[in-house]
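Keep in mind that the numbers below use all heavy atoms, side chains included, and drop hydrogens, waters and symmetry copies.
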Amino acid sequence: MSDAVIALQGITKRYASGRVRVEALRGIDLVIRSGEMVAIMGPSGSGKTTLMEILGCLLQPSEGQYRFKGRPIHQIPPDGLAALRGTELGFVFQSFNLLPRLTALENVELPLSYRGVTARERHARAHEALLRVGLAERLRHLPSELSGGERQRVAIARALINRPSLILADEPTGNLDSRTGEEIMALLHTLHGEGNTVVLVTHDTRIGDQVERRVAIRDGRIETDTRSP
Amino acid sequence: MVLVEAIRQAFRTLRTEKLRSFLTMFGVLWGTASVVFLVSWGLGVQAMMEAGYSRAGKNLMQAWPGVIGEQFTPATDRRELWFTTADVTAVREQVRIIDAVAGEARMWSTVVFREKTFSTDVRGVEPAQTELRGVRMAAGRGISRADLDHRRRVAVLGTEARRRLLGARGGIGSWIRIKGQPFQVIGIHARVGTQLWRDQGEELDAQVWIPLTAFFAFGPRFGSDADIVNTILLRLRDRRDYDDAKREARAIIGRRLRVSATDEEAVRIASSLDQLRKLPLEQTSTVLLLLGTTTLLIGGIGILTMMLDSVQERRQEIGVRLAVGARRRDILGQFFLETFVMTALGGLAGIALGVAGCRVLASFETADLIPLPILRAEIVFIALGVMTGVGIASGIIPAWRAAKVDPSVTLRAE
């Protein structure tokens with residue numbers, strides 16, 4: 001258990017919207033170890049995005065315990081969670097979520113600017129991260145001047161900038177054509193190959209099937225948890 | 001996030017939302033310009049009023065003789081009083097608070113120059129009058145002590161009197177006739193302008209001044225042998241002494257005339273200060289400041305509304321920032337600074353506009369009683385202060401809203 005990045009125990013999430021109560025998650029137990037690549041799969045409405053938000057510390061579970069590298073999340077104050085998101089986690093979203101007014105380089109630098117890193121070091125590290133995702137030549141472009149695949153590469157570079165313990169990717173290929181999607185998947189596989197822990201959320205079985213460990217979710221419960229040999 | 005970063009971000013928002021930012025900033029700009037301009041203009045009105053009321057003589061009181069007050073005499077036929085030059089001398093010797101004293105006699109008389117005749121206010125004055133009345137000489141000289149000592153038949157004319165009597169043809173040295181007696185013009189007063197307060201008679205500009213002794217040479221008045229003056233002019237060092245000075249004058253004159261020092265009917269005293277003190281000048285300034293501040297507040301509300309919209313539109317951005325490690329207070333600070341930078345930019349431009357407006361208007365020459373703005377450094381500081389307050393007030397609500405954004409909802413793909 002010592003190398004578990006994520007340990008979930010009985011995680012339940014209820015939403016109350018008006019008089020309707022929705023149970024998005026109903027008792028999830030899940031352990032993800034360092035260096036694993038995991039695909040969380042399920043149809044829309046299965047609760048997989050809620051699960052990812054809880055993993056990303058953007059949402060507090062209603063019940064159950066979440067330990068991140070052994071630390072119980074519910075004991076960490078809000079500022080501590082912000083710091084954890086900034087240093088231990090890297091997010092990749094379906095709709096990229098780049099800031100439209102910032103250049104590619106500035107978008108990648110963003111997590112560092114909240115950590116008090118000097119401008120010079122920010123530039124150097126962002127530059128390096130963009131090199132890793134193969135975008136060394138489009139540093140000064142705004143997101144609107146980049147293709148979908150390029151935008152997602154910028155987003156991945158942003159997720160990598162703090163050398164996080166966990167990369168969380170929510171439908172990273174969802175807004176891309178299949179060829180570009182494959183390129184992005186190849187990039188995520190490469191990052192995994194370099195030792196990064198990657199958690200991928202997808203409803204696309206073709207994407208999921210490429211991944212060594214697959215967790216299928218339905219109606220807020222884990223249905224299957226399978227590993228490829 | 002560091003301050004510099006937030007300020008850069010604020011400028012970036014301004015650049016990408018040029019038109020909207022400008023339109024909202026214009027409210028603050030106009031507001032601060034209003035504060036600067038209206039308060040300056042208020043000072044201008046005050047100065048114009050003071051000038052208008054001071055044109056009969058600054059900090060000047062006038063004492064007239066009256067009749068003994070009802071409560072001070074048993075007689076139904078109350079004694080009439082008059083002032084003589086001896087009274088003037090006595091007052092001059094005894095005053096402490098009052099700083100200058102002069103007697104003045106007056107009559108309504110025809111004045112003739114060649115074939116031109118007109119009736120005006122002729123005053124017998126002492127040399128001190130020129131200073132007490134605050135008039136400057138446009139040409140020649142004023143009435144001197146020697147003129148009085150030798151009962152010289154000399155005259156000093158106000159600009160209006162000169163225009164109507166001498167016209168273009170006569171100046172210093174011209175001979176005029178007052179009540180048939182020849183007088184030589186030795187001086188012309190500079191224009192005084194419209195007086196908001198005057199004693200009975202013409203304004204200074206229409207008066208003809210002659211030495212008090214020459215005035216008495218026209219013969220005894222009111223059937224008395226004494227040299228009778230109509231009024232005693234009394235000048236104060238400081239207008240705050242007005243009430244004390246009045247009391248002092250009544251006490252001294254009362255002793256001379258053997259009337260009570262509290263008999264306001266016996267010794268009548270009036271001054272432009274009576275009116276000036278009644279004017280709501282302070283209140284006017286306050287109202288103008290309020291007016292300007294309200295305009296600025298409305299500008300602030302414009303910025304507030306725009307920033308609330310902006311927060312709504314940029315929820316995604318806020319979510320991203322939170323996801324990459326921003327603390328709530330980083331978001332709070334960012335949006336607060338953006339609002340504040342916008343307010344400050346608009347405000348500084350407004351102050352510049354207000355100052356420029358005041359400068360331009362103040363450079364115009366206008367008629368007597370049109371107030372011109374008077375700019376003071378304090379006004380700029382007031383405007384800066386109010387603007388800062390508005391910036392803070394309109395920055396807090398959007399910033400607080402921004403910091404409340406729920407990242408989990410905003411980041412979900414549609």
Side-chain angles (χ1 to χ4, degrees), chain A residues 13 15 24 44 49-50 52-54 56-60 77-103 106-119 122 142 155 158-159 161-162 164 168 170-172 174-175 201, chain B residues 1-21 306-307 309-338 341-342 399-400 402-414:
Chain A
K13 180 66 189 177
Y15 292 108
S44 63
T49 300
T50 303
M52 204 200 78
E53 282 162 0
I54 288 176
C57 306
L58 293 171
L59 203 60
Q60 290 285 350
D79 282 359
L81 285 179
L84 189 133
R85 282 196 295 268
T87 54
E88 300 278 3
L89 300 172
F91 289 92
V92 179
F93 302 96
Q94 177 177 357
S95 45
F96 322 130
N97 278 329
L98 299 178
L99 299 192
R101 291 171 189 147
L102 303 190
T103 63
E106 287 168 330
N107 263 292
V108 177
E109 281 179 21
L110 196 61
L112 296 178
S113 67
Y114 289 111
R115 302 267 73 80
V117 179
T118 61
R122 287 208 305 260
L142 290 175
R158 181 176 68 189
I161 189 86
N162 270 321
L168 286 166
D170 183 13
E171 304 273 10
N175 279 3
V201 172
Chain B
M1 193 155 40
V2 278
L3 197 69
V4 187
E5 200 76 18
I7 291 172
R8 267 182 51 201
Q9 177 62 38
F11 276 102
R12 203 193 293 270
T13 313
L14 283 182
R15 251 182 290 138
T16 45
E17 296 275 356
K18 279 194 202 82
L19 181 65
R20 187 160 79 162
S21 301
M306 181 211 156
M307 284 308 290
D309 274 0
S310 177
V311 168
Q312 191 62 27
E313 279 166 28
R314 289 160 66 192
R315 291 170 53 171
Q316 190 88 355
E317 172 191 330
I318 295 164
V320 172
R321 288 179 181 275
L322 288 170
V324 301
R327 292 163 302 180
R328 298 274 176 193
R329 78 173 97 112
D330 293 321
I331 303 294
L332 191 89
Q334 180 194 333
F335 278 84
F336 179 78
L337 270 169
E338 275 190 35
V341 165
M342 262 183 28
W400 184 76
K404 287 268 166 198
V405 165
D406 180 358
S408 74
V409 180
T410 52
L411 294 177
R412 279 184 191 229
E414 292 306 312

**Request:** Report the residues that fulfil side chain to side chain contact (heavy atoms under 4.5 Å, CB included) with Thr50(A), sequence neighbours left out, ordered by chain and then residue number.
**Result:** Lys13(A), Tyr15(A), Ala24(A), Leu25(A), Ile54(A), Leu59(A), Arg412(B)
**Prompt:** Excluding sequence neighbours, so at least two apart, what forms side chain to side chain contact (heavy atoms under 4.5 Å, CB included) with Arg329(B)?
**Reply:**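 Only Asp79(A), Arg327(B) meet the side chain to side chain contact (heavy atoms under 4.5 Å, CB included) criterion with Arg329(B).
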**Fill in**
Max heavy-atom pairs within cutoff under 4.5 Å with chain B, candidates Ile161(A), Asn97(A), Leu81(A), Thr49(A), goes to Asn97(A)
**Prompt:** chain B: which of Leu102(A), Leu112(A), Asn162(A), Leu89(A) shares the most heavy-atom pairs with it under 4.5 Å?
**Reply:** Leu102(A)
**Contact summary for Ala323(B) and Phe93(A), nearest pair of heavy atoms** = CB-CZ, 4.2 Å
**Message:** Tell me the closest heavy-atom pair linking Ala326(B) and Ala82(A), and the distance in Å.
**Reply:**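 Closest pair (atom of Ala326(B), atom of Ala82(A), distance): O-CB, 3.5 Å.
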**Complete:** Residues passing the ring pair (Phe, Tyr, Trp, His ring centres under 6.0 Å) test with Phe96(A), sequence neighbours excluded, are none
**Message:** So for Glu88(A), is it side chain, backbone, both, or neither that comes closer than 4.5 Å to the heavy atoms of chain B?
**Reply:**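 Nothing of Glu88(A), per the 4.5 Å heavy-atom cut-off to chain B.
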**Message:** Could you measure the distance from the OH atom of Tyr114(A) to the CG atom of Leu322(B)? Nearest 0.5 Å is fine.
**Reply:** 8.0 Å
**Request:** Determine which residues belonging to residues 311-320 of chain B lie within contact range of chain A, meaning some heavy atom pair is under 4.5 Å apart, and list them by number or answer 'none'.
**Result:**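 Within residues 311-320 of chain B, the residues under 4.5 Å from chain A are Arg314(B), Gln316(B), Glu317(B), Val320(B).
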